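Keep in mind that what you see is a predicted model, and the values were worked out from it rather than measured.
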Amino acid sequence: MAAQPVWQPKEQGLREICTLLEQHISPTSDKSRILQQLQHYSQFPDFNNYLAFIFARAEGKSVEIRQAAGLLLKNNLRSAFKSLDPTYQQYIKTELLPCLGAADRNIRSTVGTIISVVVQQGRISGWPELLQGLVQCLDSNDPNHMEGAMDALSKICEDIPQELDNDIPGLGERPIDVFLPRFFQFFQSPHASLRKLSLGSINQYIMLMPAALYRSMDKFLQGLFVLAHDPVAEVRKLVCAAFVQLIEVQPSVLEPHLRNITEFMLQANKDNDDEVALEACEFWSTYCEAQVNLELLREYLERLLPILLTNMAYADDDESLIEAEEDDSLPDREQDLKPRFHTSRFHGSDEVTDDDDDSFNVWNLRKCSAASLDVISNVYGDDILPALMPLVQAKLSKSGDENWKEREAAVLALGAIAEGCIRGLYPHLSEIVEFLVPLLDDKFPLIRSITCWTLSRFSKFIVQGIGNQKGLEQFTKVLMGLLQRILDTNKRVQEAACSAFATLEEEAADVLVPHLETILQHLMCAFGRYQRRNLRIVYDAIGTLADAVGEELNRPRYLDVLMPPLISKWQQLSNSDKDLFPLLECFTSIAQALGTGFSQFAEPVFQRCMIIIQSQQLAKVDPVSAGAQYDKEFIVCSLDLLSGLTEGLGSMIENLVAQSNLRDLLLQCCMDDAPDIRQSAFALLGDLARVCPAYLHPRLSEFVTIAAKQLETTQLIESISVANNACWAIGELAVKVRQEISPIVMTVISCIVPILQRAESLNRSLIENGAITLGRLAWVCPEIVSPHMEHFIKQWCIALSMIRDDIEKEDAFRGLCAIVRANPSGALSSLVYVGKSIASWNVIRSQDLHEEVCQVLHGYKQMLRDGSWEQFLSALEPSEKEKLAKYQI
């Protein structure tokens, strides 16, 4: 059979596409028209062949046009490679390989990117010639060929590192085994680009640690020690990155060399190149977290701490210096508004929250140095104070405008060590606060802002001291100082003061009550002045205040200050304005705090939440009719506000929900494909179950069935938090509807038992909610649950032992007593665990439950003869036996 003829471009097609590409790269061209035309051409099956031809062979064309063809080819192949005719795939691959050695560096770099995409789509095994071609280039001694191959490999290592660590049919060894020795060889290359690319490629494998790299570890370390003194900063940065990753994943391999590495890192941390210094600085916190030879690092702290402190001063080109000049009369630019992420409502003990609102800002040497000092202070505690404090004091005492950055860095250092060194600092806390409060009025805005942050780091300890007059005066000084700074004219200071104040509110709680009027006046004054970005932080401070003081806020004189501006803003914002999110969150906290006091504001808030949810559900399928773009966060925030209303108003919510279609909307949200919508929906379901279960009744079985579905193993992996809330909601429904839940009891239990059996690997809150819901089901339907108890009693009792004393734990133990009464022999094999779970109570406040538990223990005492009861007691800890003694056994 004759071989297929090699594809050839048609002259006219070539000309037209080149002209289009020429226009595409022209800065003055009509981009949308050109993209439309390129779209038109891309419908031709061999369009990508044309691009490959122009990229690889159009020698007469400018490098820019060839590069544009290459980048377009890369984007097309990413989505269409697998659907191309195999002969066209082969043609493109054949054209790409010779470009590895192109004379022009831009072409070499672009071909590396395209090759990486082809490998992602078609795998290494689908392109055997590539490995051969890369090896030939690496071994060629020609700088262009070596660099082109190395560039392509570095991109493969970055995008799909595991691809080189797979067995390839017909190849005796894995590609990584072939390339690794060549990478090591390039460590000694006179060409900086080869040293950089080879080390960068190996670094991609440290976390994966393939066998080939582990076997060559000595060689790798020797190479790193040589490159540590490389004249090129980018290479030194990669050396630092390698050590940081190694100490995280393979600390034992560094152990024999730790002294040399620490010496190198100290020097690198002072490198003139900020990026090298930053990468080196990451080493210290990673070292501490790896818990490797902490005594060795202790020896270096006297040399390390001054370096960290020096690097904590603002660099001259830090973007914050420019931002710090902005006063609050300047409107925010769109790019100043950080993306915000609402956290869906969560019922349980250990939701993961991120208290770092700096995550959107650029990570730099200053922040990394402060973070390292924080970690070091938490590991070594007060032991660092003798070396650190004289340095801090020396910087603080430097006067003069030219030294403001040093004074600022010293205040930052105090904040960084506030938690780790508190035992040593606590005796001097009043002096520290006395020193910091006047800095709130410093002429330099960045000193004012960092002082707010540092005071917030001490806020827990400032609040602890209010038991005496001096401590109370100190607290009031800090409170008033921060409130004044909330009204600063500088945006950066406003942001820092408001955030610091929110932290102080969380710690102080009801201690704030005597100052409520003053606080509200300041916050509402800020509310009237702030631009959009900082307004979000005021909402947070108001919400936190409501959480902190609760129903104390429910006084006409406070509400007259607080509510009118918020309601006015609520009326100004449209239903599709994202500035509504923080306001919805703020109202959620206020509704919970005011309780029934919120009823005067409740109806318009309830109706608007309903409208927002409905319009967003419409926008999801038909944005044009809805007149808005779909954004699930509107639904999540509205559901959470409805939960807040339900929690605040209690059974009074029934007047609002009775006339609404909330039940159907909520069912839809419980089935939504977005986990955070489901999470908030199940939280609202549980809240409604508590106060108006009758309203849910018509669709009860649907709600419970969907909630149970969230507990299936496949769902769990996707979203623990959804399962957590669904599980809690089932328990809340069970205690209200009682026997009516019986048809689904076994379905739910068959989902909860595997969760309890995986207690080690799942989060604590889900285990606790699982144990409570299982108990509630056992309480309302003991005759259904008790025949199966021997399959789960041990795991269940272990989980019950972890729960703190409260009303939900009481419900769970009513269930335990009910099924033990129904089937006493079912618990015999795990009686020790039953005993331990009962001993986990400090005190059972409910008299009737106390008596039930008494009866259970006495029942077993009578049932167990021939020393079995004594045997049971001897298996308990002495402290557990002591606790069981109060049941007169």
Side-chain angles (χ1 to χ4, degrees), residues 328 332 337-338 340-343 353-358 440 448-460 462-463 475-476 478-550 552-554 558-559 561-570 579-594 637 640-641 644:
D328 64 359
D332 292 327
L337 298 169
K338 300 180 186 181
R340 56 172 307 293
F341 304 100
H342 171 84
T343 311
T353 54
D354 179 12
D355 59 358
D356 175 21
D357 75 337
D358 227 13
L440 289 170
R448 300 202 296 278
S449 67
I450 200 63
T451 305
C452 291
W453 178 77
T454 293
L455 282 167
S456 79
R457 295 273 291 174
F458 284 105
S459 57
K460 186 202 300 189
I462 293 168
V463 170
F475 167 75
T476 309
V478 172
L479 177 85
M480 295 312 297
L482 289 176
L483 285 175
Q484 281 160 3
R485 284 291 62 79
I486 282 174
L487 301 183
D488 202 291
T489 55
N490 182 281
K491 287 184 183 180
R492 183 68 185 266
V493 180
Q494 292 172 353
E495 180 181 8
C498 234
S499 298
F501 189 70
T503 306
L504 184 69
E505 288 176 321
E506 284 176 1
E507 297 296 345
D510 52 4
V511 179
L512 299 169
V513 172
H515 308 278
L516 256 178
E517 204 156 348
T518 314
I519 293 170
L520 284 169
Q521 282 163 352
H522 279 78
L523 288 177
M524 298 329 285
C525 182
F527 185 80
R529 276 176 55 172
Y530 279 17
Q531 300 288 346
R532 283 172 67 201
R533 173 176 159 173
N534 282 349
L535 201 50
R536 297 170 175 187
I537 306 167
V538 183
Y539 285 131
D540 181 50
I542 295 169
T544 309
L545 179 69
D547 295 339
V549 300
E552 290 292 340
L553 200 54
N554 192 15
Y558 300 149
L559 296 183
V561 179
L562 174 66
M563 294 307 288
L566 291 177
I567 288 166
S568 162
K569 178 64 79 176
W570 168 263
D579 288 346
L580 204 52
F581 296 153
L583 182 52
L584 290 166
E585 289 174 356
C586 182
F587 268 145
T588 304
S589 294
I590 293 169
Q592 284 168 282
L594 297 186
C637 287
D640 288 350
L641 178 43

**Student:** How close do Y558 and E517 get, counting heavy atoms only, and between which atoms?
**Tutor:** CE2-N, 3.9 Å
**Student:** Mind checking the CD-CZ spacing from Q494 to R533? Nearest 0.5 Å is all I need.
**Tutor:** 11.0 Å
**Student:** May I ask you to test the I462-E507 pair for a side-chain heavy-atom distance under 4.5 Å?
**Tutor:** no
**Student:** Mind running side-chain contact (heavy atoms from CB on, under 4.5 Å) on E552 and D510 for me, showing each step along the way?
**Tutor:** CA-CA 8 Å; E552 290 292 340; D510 52 4; 5.8 Å; no
**Student:** Would you mind reporting whether C525 and L487 have side-chain heavy atoms less than 4.5 Å apart?
**Tutor:** yes
**Student:** Shortest non-hydrogen contact from A497 to I486?
**Tutor:** CB-N, 3.6 Å
**Student:** Could you tell me whether the side chain of L584 reaches within less than 4.5 Å of the side chain of W570, counting heavy atoms only?
**Tutor:** yes
**Student:** Show, in sequence, the C-alpha distance, side-chain angles and deciding distance for F501 and I519, and conclude whether the side-chain contact (heavy atoms from CB on, under 4.5 Å) test is met.
**Tutor:** CA-CA 10 Å; F501 189 70; I519 293 170; 3.7 Å; yes
**Student:** So which atom in A502 and which in D540 form the shortest heavy-atom distance, rounded to 0.1 Å?
**Tutor:** CB-OD2, 4.0 Å
**Student:** Check L504 against S459 and note the closest heavy-atom contact, atom names and distance.
**Tutor:** CD1-CB, 3.6 Å
**Student:** For the pair R485 (side chain) and L440 (backbone), establish whether a donor and an acceptor sit closer than 3.5 Å, ignoring hydrogens and angles.
**Tutor:** yes
**Student:** To the nearest 0.5 Å, how far apart are CG in L455 and CD1 in I450?
**Tutor:** 10.5 Å
**Student:** Take L594 and L559, measure what side-chain contact (heavy atoms from CB on, under 4.5 Å) needs, and give me the verdict at the end.
**Tutor:** CA-CA 10 Å; L594 297 186; L559 296 183; 3.7 Å; yes
**Student:** Could you measure the distance from the CD atom of E585 to the CG atom of D640? Nearest 0.5 Å is fine.
**Tutor:** 8.0 Å
**Student:** When you compare the side chain of V538 with that of M524, does any pair of heavy atoms fall below 4.5 Å?
**Tutor:** no
**Student:** Should L545 and L520 count as side-chain neighbours, where that means a heavy-atom distance under 4.5 Å?
**Tutor:** yes
**Student:** Which pair of non-hydrogen atoms, one from S449 and one from A496, has the smallest distance, and what is that distance?
**Tutor:** O-CB, 3.5 Å
**Student:** A side-chain contact here means heavy atoms from C-beta on lying under 4.5 Å apart; do T489 and R529 qualify?
**Tutor:** yes
**Student:** May I have the step-by-step check of side-chain contact (heavy atoms from CB on, under 4.5 Å) for F475 and L512, ending in yes or no?
**Tutor:** CA-CA 10 Å; F475 167 75; L512 299 169; 4.1 Å; yes
**Student:** What I'd like to find out is whether the side chain of I590 reaches to under 4.5 Å of the side chain of L562, using heavy atoms alone.
**Tutor:** yes
**Student:** Is the backbone of R532 close enough, under 3.5 Å, to the side chain of D579 for a donor and an acceptor to pair up by distance?
**Tutor:** no
**Student:** Please give me the minimum heavy-atom distance between L566 and Y539, naming the atom from each residue.
**Tutor:** CD2-CE2, 4.1 Å
**Student:** Hey, does the side chain of R536 reach the backbone of P582 with a donor-acceptor pair shorter than 3.5 angstrom?
**Tutor:** no
**Student:** Determine yes or no for a side-chain-to-main-chain donor-acceptor pair under 3.5 angstrom, with S568 supplying the side chain and P564 the backbone.
**Tutor:** no
**Student:** Please examine the side chains of L483 and H515, heavy atoms only from C-beta on, and report whether any two atoms are closer than 4.5 Å.
**Tutor:** no
**Student:** To the closest 0.5 Å, what do you measure between OG1 (T451) and CG (L482)?
**Tutor:** 10.0 Å
